[in-house]
Amino acid sequence: MELLPNSRTESDGSAVIRVLSYNVRSLRDDTAALARVISACAPDLVLVQEAPRFFRWRKKLARLAAACGQVVLTGGATAAGPAVLCSLRAVVDRTEDVLLPLTPGLHRRGLATAVVRFGGARLGVISCHLSLQQAERQEQGGMLLERLAALGTEHAVVGGDLNERPDGRTFRRLAGTLQDCRTAAPWGGEFTSTPTDPHQRIDALFATPGIEVLGCGVPLDQPGVRAADLRAATDHLPVLAALRVPATGLN
């Protein structure tokens, strides 16, 4: 399998970046294996779902970030689970954690959002974890797109656990507005659930139309990523994408 390109900044100010989306199940599994997987993927951004939300959650998330050469950008309990980690390559414009409306009897959901720069490229970022309940999930998909537009960036990336397959209504709505990175440039494995029996794609990365997707999928053959670590790290497989983000100046 051809390797994804490494991160770099081009002479025209555009940036090639690696983005990883990963449901980490509140760090209840083998966190050393999880850190090894993330480190081997060499991401510039890690869009986390099910980050720790309770006792000492900040310290737990910071410890994970440090173990894989990242820093905590935003999210965690303040976004009801989604979070964003980043490499020191990122220059941060702003961050905001958004709690979505609570449906009685269902789990609270939220969005971790940020605007960052890599070289001359400015990028909106959202990490999400949508509802298990279909009607609520559809509403959340619409709110996600509204929040994405409100970031005010020409280019953006969205990643998360959609709790829905590509033929689902919410997945199709997102893919109708954004590029489904896996469909745009298939690379690596397809299915993200479960690590021991991969049979469905419910985790995804999306990018706005102006971004060039260089490859996207489960990093099964990424150097340093071991099958045993993928099985031990959490109950989802990660999605890794390489993206070329055009320069957007200082607007």
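Along the sequence shown, the residues carry numbers beginning at 1. Computed from a prediction, not measured in an experiment: that's the story for all the values here.
When side chains are defined from C-beta on, T113 does not count as touching T74, because their heavy atoms never get closer than 4.5 Å. In this structure the side chain of L73 reaches within 4.5 angstrom of the side chain of V92, judged on heavy atoms. Looking only at side-chain heavy atoms (C-beta outward), R36 and R226 come within less than 4.5 Å of each other. Contact annotation: the side chain of L61 approaches that of L85 to within less than 4.5 Å [non-hydrogen atoms, C-beta and beyond]. Within the 4.5 Å cutoff, the side chain of L240 has heavy atoms near those of the C41 side chain. Contact annotation: the side chain of V37 approaches that of Y22 to within less than 4.5 Å [non-hydrogen atoms, C-beta and beyond]. Between L230 and L220, the closest side-chain pair of non-hydrogen atoms falls below 4.5 Å. Between L123 and V115, the closest side-chain pair of non-hydrogen atoms is not below 4.5 Å.
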_Applying side-chain contact (heavy atoms from CB on, under 4.5 Å) to R109 and H129, what does each step give before you reach the verdict?_
CA-CA 7 Å; R109 304 285 175 173; H129 188 183; 3.3 Å; yes

*What do the steps show when you test R94 against E96 for salt bridge (Lys or Arg N to Asp or Glu O under 4.0 Å), and what is the final call?*
CA-CA 7 Å; R94 66 180 188 272; E96 184 179 4; over 6 Å; no

*Show your reasoning for whether side-chain contact (heavy atoms from CB on, under 4.5 Å) applies to R182 and R201.*
CA-CA 10 Å; R182 168 71 191 181; R201 181 162 78 100; 3.3 Å; yes

_Derivation and outcome, side-chain contact (heavy atoms from CB on, under 4.5 Å), residues F118 and L45_ = CA-CA 11 Å; F118 297 95; L45 294 165; 4.0 Å; yes

_Using side-chain contact (heavy atoms from CB on, under 4.5 Å), reason through Q222 and W187 one step at a time and then give a plain yes or no._
CA-CA 10 Å; Q222 170 72 17; W187 171 89; 4.0 Å; yes

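The OG1 atom of T183 sits 8.0 Å away from atom CD of E190, with the distance rounded to the nearest 0.5 Å. Atom CD of Q138 and atom CD of Q133 lie 8.5 Å apart (nearest 0.5 Å). Here CG of L174 is found 6.0 Å from CG of L162. Values are rounded to the nearest 0.5 Å.
Among all heavy-atom pairs drawn from P52 and K60, the shortest one is CG-CB, 3.9 Å. Shown here for A121 and V245, the closest heavy-atom pair between the two residues is CB-O, 3.5 Å. Smallest separation of non-hydrogen atoms from V158 and C128: CG1-SG, 4.3 Å. Here the shortest heavy-atom pairing between G76 and A51 reads CA-CB, 4.1 Å. Contact detail for A77 and R53: the closest heavy-atom pair is CB-O, 3.4 Å. Taking both residues in full, the closest heavy atoms of L106 and L102 are given as O-CD1, 3.4 Å, listed atom of the first, atom of the second, then distance.
By the 4.0 Å N-to-carboxylate-O rule, D44 lies too far from R18 to be salt-bridged with it. In summary, E164 and R169 do not engage in a salt bridge, as defined by a charged side-chain N under 4.0 Å from a carboxylate O. In this structure, E139 does not pair ionically with R137, as no charged nitrogen and carboxylate oxygen lie closer than 4.0 Å. Checked for salt-bridge contact, D93 and R117 meet the test: a charged N lies under 4.0 Å from a carboxylate O.
A distance-only check finds a donor-acceptor pair linking the side chain of T234 to the backbone of N23 [under 3.5 Å]. For the pair Q70 (side chain) and S87 (backbone), a donor-acceptor distance under 3.5 Å is present. With Q49 contributing its side chain and L47 its backbone, the two residues share a donor-acceptor pair below 3.5 Å. Remark: side-chain polar atoms of S21 are not paired, donor with acceptor, to backbone N or O of L205 under 3.5 angstrom. Using a distance-only test at 3.5 Å, with no hydrogens or angles considered, no donor-acceptor pair links the side chain of S26 to the main chain of R28. Distance alone, capped at 3.5 Å, is enough to place a donor-acceptor pair between the N163 side chain and the L130 backbone. Although no hydrogens or angles enter the test, the distance criterion places no donor-acceptor pair under 3.5 Å between the side chain of E154 and the main chain of T248. Within the 3.5 Å criterion, the main-chain N or O of A35 finds a donor-acceptor partner in the side chain of S39. The backbone N or O of D235 sits nowhere less than 3.5 Å from a side-chain atom of T194 that would complete a donor-acceptor pair.
One hydrophobic cluster holds both L34 and V48 under the rule that ILVMFWY side chains link at heavy-atom gaps under 4.5 Å. Residues L111 and I202 do not share a hydrophobic cluster, clusters being chains of Ile/Leu/Val/Met/Phe/Trp/Tyr side chains in contact below 4.5 Å.
Within a 6.0 Å sphere centred on CZ of R56, other residues, nucleotides and ligands contribute 12 heavy atoms or fewer.
Using modelled atom types and a 3.5 Å distance limit, the side chains of T170 and Q140 yield no donor-acceptor pair. Checking T103 against E136 by side-chain atom types alone, a donor-acceptor pair falls below 3.5 Å.
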